[in-house]
Amino acid sequence: MADTNDTTTAAASSGGSQQQTRKRFQKRTLSAEYLQEDYEQNTLGTTAGFFCAIWAAWLMGEHFSSMFTTFDYPDLDSDGQYHFGGKDVALVVLIISKLLFVRAGLFRYVLRPLLRYTGALAFERQQAIAEHVFAGLVYSVSTIAGAYFVGWPRLDSLGLTSLCGSAHIDEGVSVEFKVFVLGQCALRLAMLVAEFFEGENRPGYYRRLAIQYLLVGVLASAGLLGRTTFVGLVVLAIDVPSVIAAVSGVSDALSAFFRQAINAVAGGIATFSALVVLPGLTYASVKCASLDHTRASAQYWTLMGSMAVLCALQGIQTKSLWWGSTTLTRAQDLSKKTL
């Protein structure tokens, strides 16, 4: 009888341990906060390891690392003039890694903790506001740089030749303009990477990916053609509505009327850029090609194709800005009620 009881007890304990083991290895539902923090931690580690390895290789004298750390293709006939080339891709990759590192670090250690301290308790709300803050900062700097290359102080004297840029495709560009083009391409690609990994479940996901991708094609092609003012105007046409939309997203403390008013301003500017600025620049590209004889170049046709699709996508973006203000307001009010 005692043996029977011992056997029953052993079986019960064995069954309990198996249940505990099974429960331990059951698939857990991971929260959005856990997944985001894990992604940011991996991004910080990967990007930090990448550019630390590049600088370590440079200190050790490895020739391969020079592509990531030097400014190549100077114009031997003109001081301070540079050309674009294949090695610039390596420099853009290094800039992308630094931008992703800064973005993940700001989100993880600065923006979300600060928002948590100010009372934004829901993780989704913290993440949304942090994204608007980061986008507002980045696109504001981009807008200022684009305005510099448009040349606001001398805007009244600009003509078609200034809009077209170099008189010949083989002429070099200034070091400032080359830095601006490479930085813009790196910024758009970094935002594309972040959007690819983070924004799949948000509305307009493929549209935003396409806009960033086409912008890289437009900026790289126009940069190769030396069209300084053209690049500055494209950056302004895309980034100014983005800055205003970011301000609207951050302004949770404002009333619904002011939020809708800010969205209406962003929609108006986006409409102007989609219907006037970008088509006008596309038409100017055709005129420029007849002046500098670049119509047969691959850069010209890449520029024209990218601009045509970009105009259509900016029109769709305009629709979301005009009619998305009510949806944004309802979502923000609902998030406040659920806190």
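Only a predicted model underlies this, so the values are computations on that prediction, with no experimental measurement involved.
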Discussion item. Distance alone, cut at 3.5 Å: any donor-acceptor contact between the side chains of Gln41 and Glu37?
Written reply: no
Item to complete: Kindly give the heavy-atom pair with the smallest separation between Val133 and Leu111, and that separation in Å.
Response: CG1-CD2, 4.0 Å
Fill in: Pair Glu195 + Arg188: basic N to acidic O under 4.0 Å
no
Worksheet item: In terms of heavy-atom contacts, does OH of Tyr206 have more than 12 from other residues, nucleotides or ligands at under 6.0 Å?
Response: no
Item to complete: Provide the closest heavy-atom pair for Gly85 versus Tyr73 in the form atom of the first, atom of the second, distance.
Response: CA-CE1, 3.3 Å
Worksheet item: Near Phe196 CZ, under 6.0 Å, is it more than 12 heavy atoms from other residues, nucleotides or ligands?
Response: no
Discussion item. For Phe107, give me all partners under ring-ring contact (aromatic ring centres under 6.0 Å, His included), at least two apart in sequence or on another chain.
Written reply: Phe134
Worksheet item: Going by atom types alone, do Glu198 and Tyr39 pair a side-chain donor with an acceptor below 3.5 Å?
Response: yes
Fill in: Stepwise side-chain contact (heavy atoms from CB on, under 4.5 Å) check, Tyr148 with Phe180
CA-CA 10 Å; Tyr148 170 78; Phe180 177 67; over 6 Å; no
Worksheet entry | Heavy atoms of other groups near Phe51 CZ, more than 12 under 6.0 Å | yes
Response to the item:
Between Ile95 and Ala186 the two heavy atoms that sit nearest each other are CG2-CB, 3.5 Å
Worksheet item: Can you tell me how far the OG atom of Ser221 sits from the CG atom of Leu214, to the nearest 0.5 Å?
Response: 10.5 Å
Worksheet item: For Phe177, which residues count as a ring-ring contact (aromatic ring centres under 6.0 Å, His included) partner, sequence neighbours excluded?
Response: Phe149
Practice prompt. Could you walk me through whether Gln184 and Ser142 pass side chain to side chain donor-acceptor pair (under 3.5 Å), step by step?
Written response: CA-CA 8 Å; Gln184 283 290 325; Ser142 177; 2.7 Å; yes
Discussion item. For a quick test of reading the model, state the closest non-hydrogen atom pair linking Leu100 to Ala190 and the distance between them.
Written reply: CD2-O, 3.6 Å
Worksheet item: Can you name the closest pair of heavy atoms from Leu115 and Ala130 and give their distance?
Response: CD1-N, 3.9 Å
Worksheet entry | Donor-acceptor under 3.5 Å (Asn42 side chain, Asp38 main chain) | yes
Worksheet, complete the sentence: Value for CG (Leu225) from CZ (Phe84), rounded to nearest 0.5 Å, stands at 10.0 Å
Worksheet item: Can you list the steps and then say if Tyr82 with Asp72 is a side-chain contact (heavy atoms from CB on, under 4.5 Å)?
Response: CA-CA 8 Å; Tyr82 285 82; Asp72 290 310; over 6 Å; no
Worksheet item: Any idea which heavy atoms bring Phe230 and Ala222 closest together, and the distance?
Response: CD2-CB, 3.7 Å
Worksheet item: Just one of Ile244, Val141, Thr143 clears the side-chain contact (heavy atoms from CB on, under 4.5 Å) bar with Asp239, so which one?
Response: Thr143
Practice prompt. Report the C-alpha separation of Arg103 and Arg108 in whole Å, then their side-chain angles, then the decisive distance to 0.1 Å, and conclude whether the side-chain contact (heavy atoms from CB on, under 4.5 Å) test is met.
Written response: CA-CA 9 Å; Arg103 184 182 186 276; Arg108 185 179 178 87; over 6 Å; no
Discussion item. Strictly by side-chain hydrogen bond (donor to acceptor under 3.5 Å, both in side chains), give each pair with a member in residues 87-100 just once, sequence neighbours left out.
Written reply: Asp88-Lys178
Fill in: Pair Tyr139-Ile238, side-chain contact (heavy atoms from CB on, under 4.5 Å): steps then yes or no
CA-CA 9 Å; Tyr139 291 135; Ile238 299 298; over 6 Å; no
